[in-house]
Protein chains: 2
Amino acid sequence: MNEDRSGTKDRLLDAAEDLFLHHGYEKVSIRELALAADVNIAAINYHFQGKDNLYREVIKRRFTVQRDRILLALEEVTIRHAGSPPLEDVIRSMVQGQLSDALSDIPAGNLFKLIVREVHTESRHSTALFLREMVAPVFRAFSDAMMQARPNLTQEQVDWIVASIIGQVHHFIGRWQKSRVLFDSSDDSVEVMLEAFPVLRQPVEQYVQQTTDHITQFSAAAIDALYPEVTS
Amino acid sequence: MNEDRSGTKDRLLDAAEDLFLHHGYEKVSIRELALAADVNIAAINYHFQGKDNLYREVIKRRFTVQRDRILLALEEVTIRHAGSPPLEDVIRSMVQGQLSDALSDIPAGNLFKLIVREVHTESRHSTALFLREMVAPVFRAFSDAMMQARPNLTQEQVDWIVASIIGQVHHFIGRWQKSRVLFDSSDDSVEVMLEAFPVLRQPVEQYVQQTTDHITQFSAAAIDALYPEVTS
DNA sequence: GACAAAATCAAACAACTGTTTTAATCTATG
DNA sequence: CATAGATTAAAACAGTTGTTTGATTTTGTC
C-alpha cells in the first residue's frame, strides 16, 4: 500500500502545521517548509500540488477531529441531563474544548490557533470550507444545547449570546498566543502585556482553567440576569 | 513650505490605508500601492523610506486621534458624574467608540480595522508602538473608569472583565468585516454567516447600535450579578 | 535479479518582490 | 531669467517567491 506511511508526507504536514501556525501562511516559504521537514523542495508539489493545497490539507487533517470532539462533548452533556443540561455545563463544554485545544502544546492542538488566525485574517484560503463544515456546525450545536438549557430564550437572543461567548474565547486565545509570540521573539513589549494582564504569567494549564471559569461564570451570570428563568 | 500639501504623500497614505486594510500588509505590493495612488513606484521610498515605514505612518496618522477620542469620552463620562459614573455609561463609551470607529466607512475610521488585524495577526510591524502607546493607555483608562463606577471590584476582577468586553467588541467587529469582505468578493459562503447571524444583514448604523446595546447590557448584567454592589 | 512505478533530488524556470539608480522635470527663490 | 533644490519618472537591480523539469534513486512485484 502507498497510503500508510509515506514519511515525507507526514513530516511535511507536521512541519507545515508548526510553521504556518507560528509565522502565518504568507511568511513561510516552501523552502523553509522543505528544510524544516527535511525533504526536497519539489516534494511539496509532488505530494500536495502546491503550497495552497498543503495549507488546506494541514487544516483538513485536524479539523474534523476537533470539531467532532466539541460536538461530542456538547451532545454528551445534554443527554446526560436528559435534554435539559445545566447552562454552565453547556458553556463550559464549549469554552473548555476550544481553549484547551487551542492552547495546548500537543501537535493535535494546533488547529484552533490556525482557525483563529484564519477567521480573523481574511486570507480566504478555505473560507467556505471553514464556515460551512467547521464553524457553522459547532455554532449550531452550541446554540441548540443552550436553547435546551434555557428554553425561554429566543433564537436571536441565543445568537447574540453565542457571539459574545465565542468572542471572549477567541480573545483570550489571542492574548495568550500574542504573549507567547512576543516572548519567544524576546520582544520587550511583552512586559506591557504581562503588566496589564498578569494572568498571562501563569503556565498554560492554569490559564486555560482560570479563563474557562471566568468566561463560564461571566456569561452564565449575564444570561440569567438578562433573561431570568420563569419558574412555573 | 514643503510640509503642507505634497499631494503625492497624502494620496499614498490614503491608498495605503485602504489597500492594507482590505488585503493585509503582505498581499499588497508597492506597485499596487503606486498604481492606486497614481504615483511613481519610487515615490514610496522617496517619501517614506520603504514599505514598512509607510505602513507605520498609515497607522500613526490615525491612531492618536482615535485613542484620544476614547480617552476623552471616558474622562468626560467620569467627570460628568463627579467621579462615580454609571457602569453602563462607562462600558458604552468604550464599546460605542471602538465599534463606530471600526465600522464606519469614513476614511478616519479605518484605524481600528487595522488594529484588529494587527493584534490578531502577529505581523510585529509595530507591536511595541501599538501596545505601549495605543492599547495600554486605553485599557488603563477603561480600567480606571470601571473601578470608579464599581469601587468594590479588585484590579484583577476588572482585568478579567475588561478582557471579556474587549473580546466581544473585537469579535463583533471581525464578524462584520468578514461578512463584508465575503460579500464584496461575491463568496457565496457569506450566506452561511448571514444565516447563522441575521443581524449582519442590517446597515452599519443599526449593527453598531444593536451591538453596542447588547455588549453593554450583557456585560453590565454579568458584572452586577457576579459582584453585587454593597449598599451600605 | 529484472522491471516498472513511486519517490527524491539538484537545477533551472518565470514571475514577482522591495529597493536604487540615473536622468528628467517641476518649483520656488535670487 | 537663471539656478539650486525638491520632486517625479523609467529602468534596472538583486533577491525571493512558487513551480517545473529531467535525471536519479528507491521501492515493491513478478
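Numbered from 1 within each chain, the chains take letters A, B, ... in sequence-line order.
The side chain of A:Ala42 sits closest to C:dC9 out of C:dC9, C:dT20, D:dT8.
Take the nearest nucleotide of DNA chain D for A:Lys51 and for B:Arg31: the residue whose nucleotide is more 5' is B:Arg31.
Under a 4.0 Å N-O distance rule, the pair A:Arg61/A:Glu17 qualifies as a salt bridge.
Cation-pi contact between A:Lys51 and A:Tyr25: present, with separation from the ring centre below 6.0 Å and deviation from the ring axis of at most 45°.
Nucleotide D:dA11 holds its P atom 21 Å from the OH atom of B:Tyr46, rounded to whole Å. In this structure, CD1 of B:Ile30 is placed 5 Å from C1' of C:dG18, rounded to the nearest angstrom. If you take CD of B:Gln49 and C1' of C:dT19, they are 12 Å apart, rounded to a whole angstrom. Whole-Å rounding puts the A:Ile41 CD1 to D:dT19 P distance at 12 Å. For B:Ile44 and C:dT20, the CD1 to P distance is 13 Å, given to the nearest whole Å. Per the geometry, NZ belonging to B:Lys27 stands 14 Å off P belonging to C:dG18, to the nearest Å. For the pair A:Asn40 CG and D:dT26 P, the computed distance is 14 Å after rounding to whole Å. Regarding B:Leu54, its CG atom lies at a distance of 14 Å from the C1' atom of C:dT19, rounded to whole Å.
Contact check, B:Thr8 against D:dT8: a side-chain N or O comes under 4.0 Å of OP1 or OP2. Regarding contacts with the backbone of D:dA6, every side-chain N or O of B:His47 stays at 4.0 angstrom or more from both OP1 and OP2. Taking 4.0 angstrom as the limit, A:Ser29 places none of its side-chain polar atoms (N or O) nearer than this to OP1 or OP2 of D:dT16.
In this model, a donor atom of one side chain and an acceptor atom of the other lie less than 3.5 Å apart for B:Gln155 and B:Ser143.
Aromatic ring orientation, A:Tyr207 versus A:Phe197: perpendicular (interplanar angle above 60°, classes split at 30° and 60°).
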